[in-house]
Every structure is written in structure tokens, then in C-alpha cells.
Amino acid sequence: MSQFAINLLFVGASFALYIGIAIWARAGSTKDFYVAGGGVHPITNGMATAADWMSAASFISMAGLLASGGYANSTFLMGWTGGYVILAMLLAPYLRKFGKFTVPDFIGDRFYSNTARLVAIVCLIVASVTYVIGQMTGAGVAFSRFLEVSNTWGIWIAAFIVFLYAVFGGMKGITYTQVAQYVVLIIAYTIPAVFIAMQLTGNPIPMFGMFSTHTESGIPLLTKLDDVVNALGFQDYTADVDNKLNMVLFTLSLMVGTAGLPHVIIRFFTVPKVADARWSAGWALVFIALLYLTAPAVGSMARLNLATTVYPDMAGQVENYEEAALNPILYEDRPDWFRTWEETGLITHNDLNNDGRIQMYNNAADFSDRGWEGNELEVNNDILVLANPEIANLPGWVVGLIAAGGIAAALSTAAGLLLAISSAISHDLIKTMINPKISEKGEMLAARISMGGAILLATYLGLNPPGFAAQTVALAFGIAGASLFPALMMGIFSKRMNNKGAIAGMLAGLICTLLYIFTYLGWFFVPGTNMLANTPDNWILGISPLSFGAVGALINFAVAFVVSNATDAPPQEIQDLVESVRYPKGAGAAVDH
């Protein structure tokens, strides 16, 4: 059986499973559509939350970031997992006790203002749409390789599949689909990692293998990797970070962004009791850790495999890495996996010195004395996890499995995001603000139409992304952290916070963050419209656009505090409401205020 047939078998079987679940769990009411009826078991919800969370950025792009940036990109791991601790301890149980369907529901009622609700809807849509771009980008990468179609067609296929099971199933269908997707993606991620760890180190546990001895050279794997990348002009893989401020802010931005992401928060409205919300977050962290502890090993081993594929003399015991780097492989001798990925356009080779070989190195280094005229190999970071089984010559079924896993990761999060967008439009905007008398059937229709429109917008933006998957996702986290997270925190823990303060804070955090991001990445991410080049020497105090969400959150808190204390206190019933929401222990079932 050909590799293409194997890929079709695995991907097709997973699609049939997802669509079958959506039909079985088809939403019959708005409560089913928005919160799966409110009766999901905490372990089931934890698994679905993990799938909702572990997007294309986690499955496809994070290990690619770790492969290219080493220790410097470990901030993604720290920020994304740390945010779940904040979510579990400070937000999930309190929001569940409040008993509403959506984040704008909470903000609109807590701050007794439809204006606050509208601002929250805008913040939610901006953050979710930015996030879903990364999912469509990742889905396009996966589909383009494994179904052997163009990246454009890959994104359109992903949009069609999401449309089928998300539009009809709603949260109920998405929940059980995401459980299946978690099982698929975690198996797909760990099996190749175990194989590759065994090949390179003899240790079957990837996270331990990363710190074990590299079998072929007899030295620690990370030391071997440092030696290889050094010889090619890159900094040490394990090198420390110079800009500690940016690193701390970026980690903090991912943490508060995690806690403010609406598609994750709405998952905690699906469990029966307040205590279940906290247990769900705990279980989600366990399920997430299974992948996140493996990702650094996958990244480091992928980087070493790629380098030693191009420079085979570096693979074993090497006395002089500079001499070993003089003999890269001939382009005509490139391996089959290289040829396959070239067809997707995600690996490109440009023979600058016409010697028929592949020179891959850091362009900032001067290797002109070797006759090299520049780096000749461009490899998209997003392909490394997907290409890993082929690079390591693993069996065809493993390649097919990781195809299904990568696609499952992208589709699971895309579905959750699209549900958050559609519920904000149909429930918060249409039902609550525009037409309160709309029938349940009419609200369901509005939800499905708005989700269809969101899918079309996400597809367009996926075809024209502002960066690769994990970069785009990081922007979404910054936007969510700067706008929604402070409003949620102050809404729960400050009885003095009023509607004027919350609105001013959300607008200040969102606008400042967007302006900073657009300054370097272009207005609304349109290429060529940026006012400054996105380089460290142009950043204010060395703060990257990806890190500005933490600054935006601080601005939000400060503006909200000043405005709230300069204006009237909230009504007494709102203060009593905050007091009751703050004590989830022993509360039992959630209260619908």
C-alpha cells in the first residue's frame, strides 16, 4: 500500500469518526449547542479541554519553535501551562457558579451594562479570529502534505470538515469529537517521539532521552546538538536569553492570555457543578502535560535529524565540526522525505553557488571562505513534527497516524474557537441585545449562520496569515490577556469595580495592544502596512509585539482601577452578587442569576 493510501486511510477514518460523533450528539437545543446541556463529566471535559487547547500551534508549531530557537522558545511551554494554573485557581469555579453560557454574558451582567457586553463581544471576536488563523494555517500545512494537495486546498478542506461537525453538533458534538481528537493526537504525537528517542539515544521515554547520551557519537544529545548548530553559525541550542524582560513579559502574556481565552473558558460552563469546573481544569493540565513534556525532546531531536541529514559527516563521532560542515549532501541525493515536502512548497532549495550541494547555515555568519554564498535551504518551522517520522524512516502507518493527529489538533481548536465566535454573535449580540424575543429555533439558526460566516472569514485569513501558526496564536493570547482577563479578574475579586471602569480598561488594553502589534506586523495584518520593521532594535524597551499582551493587561488594570474609583460604586445588588460568586465551595449546582 502506498504512503498516500495509508494517509487517506488514517485521515479518512478519523474524519468519519468525528462526523459520526457529531451526528450522534447533534445539538437539539440552545443549551446543547452552547454548553452541551451542562452535564459533561469532569474527566471527559478535561480531555475535551486538552484537545481544544492543544491546537495546531501545540501539536505542529511548538516543537518547530523549540527546534529553531532552543531554550529561548521554552517560554511557550512555561506560559501555556502556567496559564492553566491561573485558570483553575482564579477563574473557572467562579465563572461556573455564575451560571451563564458565555464570557460576554458574565461581563454584561456583572458590570450591569450592554456597552460592557458589546466591548467584550468585540474583544472575544478579535482574539478568537486571530487565534483561528493559526489553526487554519496549521491545517493547511498538514493537509497539503498528507493529502498531497496545495496549501490553499488544504485550508479549504479543513474548513469544510469543521463546518460539517461544528455547525450541526454545537458544543455537544464538539465535546465528544474533541475527546476522540485528543486520543488521536496524543497517540500520534508520542509514538513517533518514542521511536526517534530510541533511534538517537536508546531511551524510549523522549523527555529522558533528550538528556541521555547520543548513541552514534557517545556524547550527551544536547551537547551534540550544540556542537552541530555552532559549526553552522547558530548560537548554542541551550544558550541563555539576553533580553530577560521580554522573556518574562512574553511568558506572562501567554499565561494571562490562556486564562482569558473565551473558547477555553466556555468549556467550564459544560460541567454539572462548580467543583467539577476546578477538577476539569486539573484533568486538562494532566492531559496537556503528556504532550508538553514530550515537545522539547521532539524539537531538539528534529533539529539534530535535519542538520545531520544535510551534513551526514556530523552524525557520528566528530573531531572537527567545521571540516565536517564542508561536505553537505548533493541536492540530487536528497532523501525521499525531502523531495515529498518540496512538493508542498514548505521546503525550498536555492543553489546560490551552483555547486549542486545543499548549504544550510546561519546567514549572519560569514562562510564565504568556503565558497558559500548564503543559506540555500528554507524549512518552514511548522513541518518539523509532521516530517519527523519520514526523516527517521519510520513505518508508513506512523506517518499516517501523525497525519491524522496533526489534522485533529488543528480542527479541534478551530471548532472551539468558531463556537465561541458564533455564540457571541447569536446569544450575546442577537438574543441579548438586538432581539430578546427571538425563538430558540431562530437563535439556533443565527448561531449556525454566524459560525458558517466565521469559518469563511477564518479560511480567508488562514490563506493570508501574519505569521506561522504559533506566532499568530501568541498574538491572540496577547489580545485576550490584555482585554478580557483583567475584566474577568476584577469582576470576580473587586466589588468596587463598576461598569465605567471595566469598559475603559478593556478598551484601553485592547487598543494599546492592537496599535503596538499593527505597528510592527501591519494594519489588520495586511503585509506592507507596518510602520516599523519588526526587529528588536525598533521595539520599545526591547518588548516584542508577541510580548505586549502583558503590558496591555497592566494598562487595562490601571485604567479600570482609576476610572472605577473616580466614579460611582456599583449598585448594592451587584456587590452582593460578587460576594456570592466569590465563595464556590459547597455551592453545588451553579446559579443562573
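Source: prediction; values computed, not measured.
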If you look at every heavy atom in R357 and H349, which pair is closest and at what distance? O-NE2, 3.3 Å

Go through the steps to decide whether Y311 and L232 satisfy the test side chain to side chain contact (heavy atoms under 4.5 Å, CB included), and finish with yes or no. CA-CA 10 Å; Y311 298 96; L232 302 176; 3.5 Å; yes

Between N230 and D236, is a side chain to side chain donor-acceptor pair (under 3.5 Å) present by the stated rule, with each step listed? CA-CA 6 Å; N230 252 318; D236 284 358; 2.2 Å; yes

Check for a donor-acceptor pair, side chain of D351 on one end and backbone N or O of G356 on the other, with a separation under 3.5 Å. yes

Tell me, yes or no, whether the heavy-atom count around F4 atom CZ, taken from other residues, nucleotides or ligands under 6.0 Å, exceeds 12. yes

Donor-acceptor list for residues 284-293 side chains, cut-off 3.5 Å, not counting sequence neighbours:
{"residue": "Y292", "atom": "OH", "partner": "W53", "partner atom": "NE1", "Å": "3.4"}
{"residue": "Y292", "atom": "OH", "partner": "S58", "partner atom": "OG", "Å": "2.7"}

Has the side chain of D226 got a donor or acceptor atom that lies under 3.5 Å from a matching backbone atom of T238? yes

Is it the case that more than 12 heavy atoms not belonging to W341 sit under 6.0 Å from its CH2 atom? yes

Has the side chain of E376 got a donor or acceptor atom that lies under 3.5 Å from a matching backbone atom of Q359? yes

With no hydrogens and no angle check, is any side-chain donor or acceptor of K224 less than 3.5 Å from a backbone partner on G316? yes

Looking at I219, is its backbone amide N or carbonyl O close enough to the side chain of T213 to form a donor-acceptor pair, meaning the two atoms are under 3.5 Å apart? no

Please check if the distance between the ring centroids of F250 and F76 is under 6.0 Å. yes

Okay, side chain of R334, backbone of R339: is any donor-acceptor separation there less than 3.5 Å? no

Polar side-chain atom of N380 near backbone of L346 as donor-acceptor pair, under 3.5 Å: no

